[in-house]
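Since the structure comes first, as structure tokens, the remarks are kept for the end.
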Amino acid sequence: MQVRPAGRPSTLLLVIAAVTAVTMLALGISGVVTATSSVPPGTVRDMHGDPVRLEAPVVTAPQARATPDGSGRLVVPSVRLDVPLGALDAVNGRITPPGFRSAYLVRDVGVVPERAASGTVVVVMHSLRGGGTAPGNFLTDVDRGRSRVAIGAVARVAGVAYTVTGSTLVDKDRIADDAGVWGDVPDRLLLITCLERPDGSPSTQNLVITATRA
């Protein structure tokens, strides 16, 4: 079900979410679009302030281990992405960003930007369907089923500049075992989000964008 695909959804509609849930066990959590006359306190919101409701509970890191900001910013000028950079740890083998307005460094899978020369920096983020906007929506071309970020584009993570070298789609049920994704390579950046589907059905693939430190 699509809700106003050409623009922002009404604030009285809950945005359907396909969550970036990078995990060592299973991938992906979806949501539902539901009309409502009120928004419960504590409802999570997208980048435009519209409420997001999930089909299933999201397993997030405890507050002390997952923060939505404080690690700088993720900036990809070519697609006009400029969002706060938070940080999180895997919890029970699962990596799930707690919010829809930030991108997140994965501290215990990759290295922090300050140590970029010693390994791969891993940044994950949500994308949304049903008309919502999360950081991952800036990176994906849903209609064409591919990345919007061209090879050669610049991505800056906490001030460290990278040059995009490519992208690939990986089925969510296979990404945990994909050695090409998780290999620790010095000076490499991974940007990971869900690729939504044109028909509005739940996402089945992750988009993985690769880049090398400039």
Side-chain angles (χ1 to χ4, degrees), residues 18-30 58-62 65-68 71-72 74 76 81 83 85-100 102-127 134-140 145-151 153-158 160-196 202-214:
V19 178
T20 301
V22 182
T23 170
M24 308 310 167
L25 302 175
L27 269 290
I29 297 171
S30 296
V58 177
V59 180
T60 58
R65 293 170 60 190
T67 57
S71 298
L74 170 65
V76 186
L81 175 63
V83 292
L85 187 63
L88 55 76
D89 296 326
V91 176
N92 297 324
R94 194 176 192 86
I95 301 168
T96 307
F100 296 85
S102 301
Y104 294 82
L105 289 167
V106 186
R107 288 179 293 227
D108 56 347
V109 173
V111 301
V112 295
E114 294 79 17
R115 298 185 58 210
S118 65
T120 297
V121 173
V122 180
V123 178
V124 298
M125 67 206 81
H126 288 297
S127 63
N137 292 97
F138 288 81
L139 304 180
T140 57
R146 66 186 190 186
S147 172
R148 290 185 61 224
V149 186
I151 292 175
V154 173
R156 291 193 293 272
V157 180
V160 179
Y162 290 84
T163 301
V164 172
T165 56
S167 64
T168 187
L169 297 176
V170 184
D171 290 345
K172 290 186 174 185
D173 60 358
R174 295 182 178 181
I175 192 170
D177 299 318
D178 192 321
V181 172
W182 302 113
D184 193 20
V185 179
D187 291 321
R188 186 173 68 145
L189 168 68
L190 298 180
L191 302 176
I192 304 176
T193 192
C194 286
L195 177 68
E196 304 303 337
S203 170
T204 61
Q205 293 181 304
N206 283 107
L207 172 68
V208 180
I209 296 173
T210 57
T212 299
R213 191 160 64 114

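None of these values were measured; they are calculated from a predicted model.
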Asn137 side chain vs Ala134 backbone, donor-acceptor pair below 3.5 Å: yes

All side-chain contact (heavy atoms from CB on, under 4.5 Å) counterparts of Arg188, not counting sequence neighbours: Thr120, Val185, Leu190

For Ala211, all residues meeting side-chain contact (heavy atoms from CB on, under 4.5 Å), sequence neighbours excluded: Tyr162, Val164, Leu189

Heavy-atom side-chain contact between Thr193 and Val124 under 4.5 Å: no

Partners passing salt bridge (charged side-chain N to carboxylate O under 4.0 Å, His left out) against Asp187 (at least two apart in sequence or in another chain): Arg213

Any side-chain heavy-atom pair of Val157 and Leu85 under 4.5 Å: yes

Exam field: side chain Asp171 to backbone Asp173, donor-acceptor pair closer than 3.5 Å: no

Residue pair Glu196 / Ser127, side-chain donor-acceptor N/O under 3.5 Å: yes

Chi angles and distances behind the side-chain contact (heavy atoms from CB on, under 4.5 Å) call for Leu139, Ile209: CA-CA 9 Å; Leu139 304 180; Ile209 296 173; 4.1 Å; yes

Listed partners of Val83 passing side-chain contact (heavy atoms from CB on, under 4.5 Å), at least two apart: Met47, Leu74, Leu81, Ala103, Pro135

Under 3.5 Å, which donor-acceptor pairs do the side chains of residues 108-116 form with other protein atoms, sequence neighbours left out?
residue	atom	partner	partner atom	Å
Asp108	OD1	Ala90	N	3.1
Asp108	OD2	Ala90	N	3.1

Set of residues satisfying side-chain contact (heavy atoms from CB on, under 4.5 Å) with respect to Thr168, sequence neighbours excluded: Val170, Val208

Side-chain touch Arg107/Asp89, heavy atoms, less than 4.5 angstrom: yes

Distance-only side-chain donor-acceptor flag, Thr210 / Thr165, under 3.5 Å: yes

Side-chain donor or acceptor of Ser203 paired with backbone N/O of Leu195 under 3.5 Å: yes

Flag, side chain of His126 to backbone of Pro97, donor-acceptor distance under 3.5 Å: yes

Worked check of side-chain contact (heavy atoms from CB on, under 4.5 Å) between Val123 and Val106: CA-CA 6 Å; Val123 178; Val106 186; over 6 Å; no

